[in-house]
Amino acid sequence: MSLANKLALERRGRLAAERLLELKEAELSAANRKLGRHAAALQGEIVETRAEVANVKTENERVKTELGQANQKVEIAERRLWHSVQTITDGFAFFNSDNRMIAANSSYLTVFDNLEVIRPGVHYVTILQVLTDEGIVNTGNLTPEAWRELMTERWMQPQPEPITVRLWNDQYIKLVDRRGHGGDIVSLGLNITEAVQYEKQLKSARAEAEAASRAKSAFLANMSHEIRTPMNGVVGMAELLCDTGLSEEQQLYVDTIKNSGEALLVIINDVLDYSKIEAQKLQLHPEPFDLERCIHDVIMLLQPSAREKNLNLLVDYDLFLPTIYVGDPGRVRQVLTNLMGNAVKFTAEGHVLVRVTGVPDLEQGQAVVNIAIEDTGIGIPEDKINHIFGEFNQVENERNRQFDGTGLGLAISKRLVDLMSGEMWVTSEDGVGSCFGFKVPFELGATELPAHPPVPEGLRRMLVVDDIEANRTILQRQLEQIGMGVVTCASAKDALARLDQIDLVLTDHNMPGMDGLELAEAIRASGSEVPIILLSSNTTYAASDPGAKHVHAILQKPLPRADLFTHLQSVGPLLRPPDGTLESSAPERRTMRVLAAEDNKTNQLVFRKMVKDASIDLKFAGNGVEAVELFQSFEPDMIFMDISMPKMDGKEAATKIRELEKTAGGHIPIVALTAHAMDGDDQGILASGIDHYLTKPLRKPEICGKLIEFCPEDAAPPLPEKSEVERQAG
């Protein structure tokens with residue numbers, strides 16, 4: 001190869017190498033630029049990472065600081081809590097789910113007298129073992145094994161019931177254990193020794209109080225009996241003496257004795273009733289009773305007092321309201337007597353009105369009955385209204401100091417109404433009058449409203465004569481509601497001018513100018529034969545007047561609806577011609593035989609005088625033994641049996657008689673005569689076989705009522721037959 005070729009070839013090689021070098025330098029430059037860019041990116045990431053690391057380090061330091069503070073607070077709270085637990089006088093302990101003690105305060109550990117075994121980690125069963133083995137706990141009637149078994153079974157319950165254990169030193173600890181969600185148990189031992197001792201003291205005090213209450217009740221019962229026995233003689237003989245011929249001065253003395261005796265009896269009853277209510281021993285004895293008749297019975301008792309003051313006693317009983325209810329008639333009558341008696345006592349003139357309203361619920365068989373007693377008396381000052389229902393409270397002012405009383409009547413009445421699930425209220429205006437009312441829910445005695453008897457044929461128009469507007473309004477409303485036409489007059493003079501087309505005259509007795517009997521004479525003198533019914537508050541006095549022969553009947557005022565309807569029916573035959581038939585004469589009947597068992601000679605005399613007008617064959621027995629003997633030999637139709645008698649008392653005698661009847665057959669009515677008045681006495685009396693009982697002092701009407709009630713059909717009536725006028729006059 002020539003030199004030129006070699007030089008050209010070398011030159012070409014050098015050029016190729018230079019180009020390759022340039023290419024490599026370009027690649028290296030590109031790589032350097034890429035590496036620079038990557039290094040720059042890495043530098044940014046490093047900076048960010050360092051910032052994040054710095055933040056994390058700062059946050060970590062803050063968390064460490066807060067955690068340290070929190071741990072410090074926890075330690076402080078734990079220390080304070082434990083100090084608090086240590087200061088608790090009651091035992092406090094923690095147990096884990098394995099029933100091992102975690103911790104306990106000093107009060108809990110003190111019970112074990114610093115025994116080494118009782119420390120954190122001890123098992124609950126071991127604690128029970130130590131309690132019995134060391135005699136720390138008094139297991140009572142249980143053996144130590146039985147007691148530990150009982151406590152273990154209780155401990156294993158999901159939520160153990162609290163239990164009280166007694167320690168050797170008569171300390172009482174109430175264990176209250178609560179199990180947590182993880183199985184841990186918190187045990188609290190409360191020292192209830194003082195509470196247990198106080199409860200024992202209360203039980204002892206209660207036993208003493210009950211013993212004192214029983215002693216008081218027994219004392220009251222015995223005193224009641226001892227007082228009522230001579231009171232029977234005092235009141236009974238005074239009542240009999242009133243029926244004899246006495247001078248005006250003697251009559252005053254006898255009335256004073258009788259009224260004073262009855263006032264003393266009221267005080268005795270009030271004290272006994274209040275004592276029974278206070279001891280919560282008074283019980284109600286519900287039975288069917290006639291509310292309207294009950295009200296009129298009370299009015300009959302108050303009628304003499306009302307007549308002395310010339311007061312009018314009025315009754316406005318809703319015609320559409322039933323009269324038969326189920327309740328305690330004795331207690332209802334007692335409330336009525338208290339309220340109506342107060343109304344009469346504190347009313348000098350005017351009237352006392354008993355208003356009865358209510359709406360019966362036939363579907364429920366009940367009725368809420370409202371009874372209001374309105375009077376025109378002295379009234380009660382507004383600031384004294386709430387005062388009067390308190391025990392022994394009376395309105396003290398110059399007007400009512402003249403009125404005697406225990407101050408218990410209204411308090412007892414309110415308690416009785418409350419006992420009957422009722423309410424009592426009072427409204428009053430000083431110097432104008434008062435209205436005492438109460439409402440009581442009663443069970444209806446019948447599922448249907450009472451059907452009133454039809455008006456007799458021919459009785460269409462009635463003349464009502466009364467000077468008192470309230471009386472006329474009540475009678476007019478009642479008569480119009482049964483379909484009668486009613487004409488009212490305020491005086492007898494006006495009545496004489498309005499007799500045309502009148503079928504019946506219903507007139508009051510005491511009226512100014514011309515009274516009811518004088519009106520009857522004037523009607524007969526005018527030639528009218530219209531039937532006349534007289535309403536009088538004193539039927540005995542009215543029946544003795546010569547003018548009574550002109551009236552068809554004399555009725556007690558106020559007039560019960562049943563009596564009104566009955567006598568409207570009795571007027572029927574007078575409105576149509578008689579049929580001329582005569583009743584056949586009744587055969588002659590024997591005398592009723594009555595046995596009275598009474599050991600007290602004074603009471604025998606009182607009883608004999610009370611039945612002197614009765615046509616009976618009466619024999620006395622001085623004790624229960626004689627009563628049983630006379631029952632067999634005398635064969636009485638009824639027996640009056642005293643309860644307290646020597647040798648054999650009345651209850652035992654009645655039991656013997658009932659045993660004899662089982663062999664011989666029959667049933668003789670036995671009525672107890674008792675001075676016992678405490679609650680529960682009646683149950684013991686009736687349980688012995690006695691049918692009824694009367695409480696001493698005895699009342700002549702009650703004795704005569706029982707004679708009439710139990711007179712057998714083959715015996716003559718014990719009391720003489722009376723004419724219609726005489727029968728209504730009593």
Side-chain angles (χ1 to χ4, degrees), residues 299 303 306-316 347-353 376 455-456 458-561 563-564 567-568 570-572 574-575 724-725 728-729:
I299 286 179
Q303 198 68 261
R307 280 200 300 267
E308 291 178 0
K309 296 183 174 184
N310 198 27
L311 295 179
N312 291 289
L313 301 183
L314 313 176
V315 177
D316 186 6
T347 303
E349 59 182 9
H351 68 268
V352 174
L353 170 64
T376 56
V455 178
L459 185 58
R460 300 182 181 87
R461 190 173 174 86
M462 179 181 294
L463 178 62
V464 174
V465 188
D466 199 313
D467 61 305
I468 300 174
E469 183 180 1
N471 269 341
R472 297 197 305 271
T473 302
I474 292 172
L475 286 172
Q476 181 178 8
R477 186 173 66 249
Q478 289 181 341
L479 294 170
E480 288 179 345
Q481 286 175 341
I482 62 174
M484 291 197 60
V486 180
V487 178
T488 61
C489 292
S491 67
K493 182 178 179 181
D494 292 341
L496 288 173
R498 307 187 66 177
L499 289 175
D500 292 342
Q501 298 181 346
I502 295 297
D503 302 313
L504 175 65
V505 176
L506 188 64
T507 179
D508 185 35
H509 182 193
N510 295 317
M511 294 185 294
M514 179 186 295
D515 65 22
L517 291 174
E518 291 173 338
L519 172 62
E521 291 181 353
I523 290 175
R524 294 293 178 255
S526 68
S528 174
E529 296 297 327
V530 61
I532 303 171
I533 294 179
L534 183 76
L535 302 182
S536 176
S537 59
N538 190 344
T539 55
T540 303
Y541 173 76
S544 63
D545 190 283
K549 63 183 179 181
H550 300 300
V551 302
H552 170 66
I554 299 176
L555 304 183
Q556 181 66 47
K557 177 185 175 183
L559 180 63
R561 295 179 303 174
D563 289 356
L564 173 63
H567 285 86
L568 289 181
S570 69
V571 173
L574 303 179
L575 303 176
E724 178 69 14
V725 170
Q728 297 305 320

Contact summary for [X] and [Y], nearest pair of heavy atoms:
X    : Y    : value
E349 : T376 : O-OG1, 2.8 Å
A542 : L534 : CB-CD2, 4.0 Å
S526 : L499 : OG-CD1, 4.4 Å
P558 : V315 : CG-CG2, 3.6 Å
L504 : P531 : CD1-O, 3.2 Å
R524 : H550 : NH2-O, 3.0 Å

Separation of [Y] [atom2] from [X] [atom1] (nearest 0.5 Å):
X    : Y    : atom1 : atom2 : answer
L568 : I533 : CG    : CD1   : 6.0 Å
L479 : M462 : CG    : CE    : 5.0 Å
N312 : I468 : CG    : CD1   : 3.0 Å
D545 : H509 : CG    : NE2   : 6.0 Å
D467 : S491 : CG    : OG    : 9.0 Å
K493 : M511 : NZ    : CE    : 14.0 Å

**Study point:** Residues in side chain to side chain donor-acceptor pair (under 3.5 Å) contact with N310, at least two apart in sequence or another chain
**Key:** none

Point to revise | Pairing residues for E521 by the side chain to side chain donor-acceptor pair (under 3.5 Å) criterion, not counting sequence neighbours | key: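 With neighbours one apart ignored, the set is empty.
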
Exercise for review: Let me see the working for L475 and L535 under side chain to side chain contact (heavy atoms under 4.5 Å, CB included), right down to the final yes or no.
Suggested key: CA-CA 11 Å; L475 286 172; L535 302 182; 3.9 Å; yes

Looking at side-chain heavy atoms only, is the closest gap between [X] and [Y] below 4.5 Å?
X    : Y    : answer
L311 : H351 : no
L496 : M514 : yes
T473 : T488 : no

Check your understanding: When you look at T507 and L463, which way does the side chain to side chain contact (heavy atoms under 4.5 Å, CB included) test go after all the steps?
Key -> CA-CA 8 Å; T507 179; L463 178 62; over 6 Å; no

Check your understanding: Under the side chain to side chain contact (heavy atoms under 4.5 Å, CB included) criterion, do I532 and H552 qualify, and how do the steps go?
Key -> CA-CA 5 Å; I532 303 171; H552 170 66; 5.8 Å; no

Review point. Would the number of heavy atoms belonging to other residues, nucleotides or ligands and lying under 6.0 Å from CZ of R460 be above 12?
Key: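 No, because the 6.0 Å sphere around CZ of R460 holds 12 heavy atoms or fewer from other groups.
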
Could you check whether any side-chain N or O of [X] sits under 3.5 Å from a backbone N or O of [Y], counting only pairs where one atom can act as donor and the other as acceptor?
X    : Y    : answer
E480 : R477 : no
Q303 : K557 : yes
R461 : D503 : no

